[in-house]
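Just so we're on the same page: letters track the sequence lines, and every chain starts at 1.
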Amino acid sequence: MVAFEALYRRHSSRVHAICLRLTADRLRAEEAVQDVFVRLWERLGSFRGESAFSSWLHRLAINTVLQTMRSTRRREARVMTSDDAELEDAPIRALAVEDRIDLEDAIARLPQQVRTVVVLHDIEGFTHEEIALMMSVPPGTIRSQLSRARKTLLQWLQR
Amino acid sequence: MTHLTDELLDTAADGDTLAPVDAEHLRACVECQAKVERLSALRGQLAALPQTVATDDDLWPGVHGAIRARRRRRLVFTSSAGLALAAALLIAVVRIGNGPDAVPGGAEASVELAELKALAAPVVVEAMAASLTIYDAALRELEAFAASERDNADVQQRIEELRRKRAALLRLVSNS
């Protein structure tokens with residue numbers, strides 16, 4: 001366990017950054033970090049060294065967060081009204097003139113799906129196709145969500 | 001003039017290749033060039049964000065605790081599954097020593113297995129399914145044999161022994 005703790009200490013701040021940007025919620029991010037390292041402990045044996053360990057771990061972190069988001073969405077969908085369900089595709093709320101925000105705040109304010117795409121593409125460097133596979137949606141959807149995210153971010157940041 | 005769509009502007013900002021007609025438009029259109037520049041600058045800002053975050057809380061105790069809890073659970077399930085498999089092997093030896101191939105498990109075993117699935121880990125259920133099928137088949141064989149050998153005390157004793165072991169196996173998983 002000492003070796004695993006060393007592994008945790010070495011990689012946790014990077015995993016935390018991924019989880020925090022994807023969830024945009026401090027508590028959820030902390031839960032996600034814990035889940036990621038528990039999974040890592042269970043799956044260390046399946047790491048075959050085909051990629052860098054850090055890339056493998058980051059992919060594991062992203063998959064863990066996406067899986068949790070999917071479960072949460074499924075759970076919430078059972079109690080959601082149809083109006084709520086349309087929120088994700090609704091126009092993104094404009095900010096008031098006095099709302100000056102920095103880039104991290106702006107990313108956190110994006111709707112979940114759109115935020116996930118911009119984090120994975122523009123910050124983590126995955127391709128449209130890779131993100132499409134991770135999120136189980138067509139690459140065309142990823143392109144349009146990315147475009148929507150960037151346009152919104154520019155609008156918010158140019159205030 | 002028709003300007004490039006948002007997605008084409010993104011394509012250009014990402015440095016991907018545009019169709020010749022779109023590339024031609026971009027070369028000639030100052031408005032689209034300005035948009036691409038803004039998008040490229042945003043991309044640069046996003047890529048330059050810190051790759052790590054500093055946190056006040058140390059999450060290691062939580063991670064460590066969760067792993068220890070999993071280890072304990074796994075230990076219980078693994079030992080239960082091991083015992084179930086050992087029992088299955090034991091009964092298989094008994095069955096082989098007692099006669100021809102057995103018939104598959106019946107409705108009674110299915111109901112018990114359905115109950116077990118709600119209680120136990122998949123690996124245990126799988127081992128239990130195999131064990132129960134063998135127990136039930138061996139019991140049916142022995143009971144059929146006992147019907148024609150009513151005075152054979154040895155067979156009756158074996159039947160009772162098998163029933164006890166079968167019940168013990170079910171209790172083992174229910175309590176795990």
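- In the displayed structure, B:Gln157 atom CD is contacted under 6.0 Å by at most 12 heavy atoms of other residues, nucleotides or ligands.
- Side-chain N or O atoms of A:Arg14 include one that pairs as donor or acceptor with a backbone N or O of B:Gln51 at under 3.5 Å.
- The heavy-atom pair separating A:Ile107 from B:Leu49 by the smallest distance is CD1-CD1, 3.6 Å.
- Between chain B and the options A:Arg21, A:Lys151, A:Glu124, A:Glu104, heavy-atom pairs under 4.5 Å are most frequent for A:Arg21.
- Inspection of non-hydrogen atoms places B:Asp14, B:Arg38, B:Leu39 of residues 12-40 of chain B under 4.5 Å from chain A.
- Of the atoms belonging to A:Ser12, not a single heavy atom falls under 4.5 Å from chain B.
- In plain terms, the two heavy atoms of B:Trp60 and A:Tyr8 that are nearest each other are N-OH, 3.4 Å.
- Only the side chain of A:Val118 comes within contact range of chain B, with at least one heavy atom under 4.5 Å from a heavy atom of that chain.
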Check your understanding: For B:Val63 and A:Val36, what are the C-alpha separation, side-chain angles and deciding distance, and is it a side-chain contact (heavy atoms from CB on, under 4.5 Å)?
Key -> CA-CA 9 Å; B:Val63 172; A:Val36 169; over 6 Å; no
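- The nearest pair of heavy atoms linking A:Ile123 to B:Leu46 is CG1-O, 3.7 Å.
- Between B:Asp10 and A:Arg148 there is no salt bridge, since no side-chain nitrogen of the basic residue lies less than 4.0 Å from a carboxylate oxygen of the acidic one.
- Heavy atoms closer than 4.5 Å to chain B are found in both the backbone and the side chain of A:His121.
- Cluster annotation: A:Leu66 is not connected to A:Leu20 through the hydrophobic network of ILVMFWY side chains, with a link wherever side-chain heavy atoms come within less than 4.5 Å.
- Proximity to chain A (any heavy atom under 4.5 Å) is shown, for B:Leu59, by both the backbone and the side chain.
- Here CH2 of A:Trp41 is found 10.0 Å from NE2 of B:His64. Values are rounded to the nearest 0.5 Å.
- Taking both residues in full, the closest heavy atoms of A:Phe37 and B:Ile67 are given as O-CD1, 4.2 Å, listed atom of the first, atom of the second, then distance.
- In the hydrophobic clustering (ILVMFWY side chains linked at under 4.5 Å, chained through shared members), A:Leu27 stands by itself.
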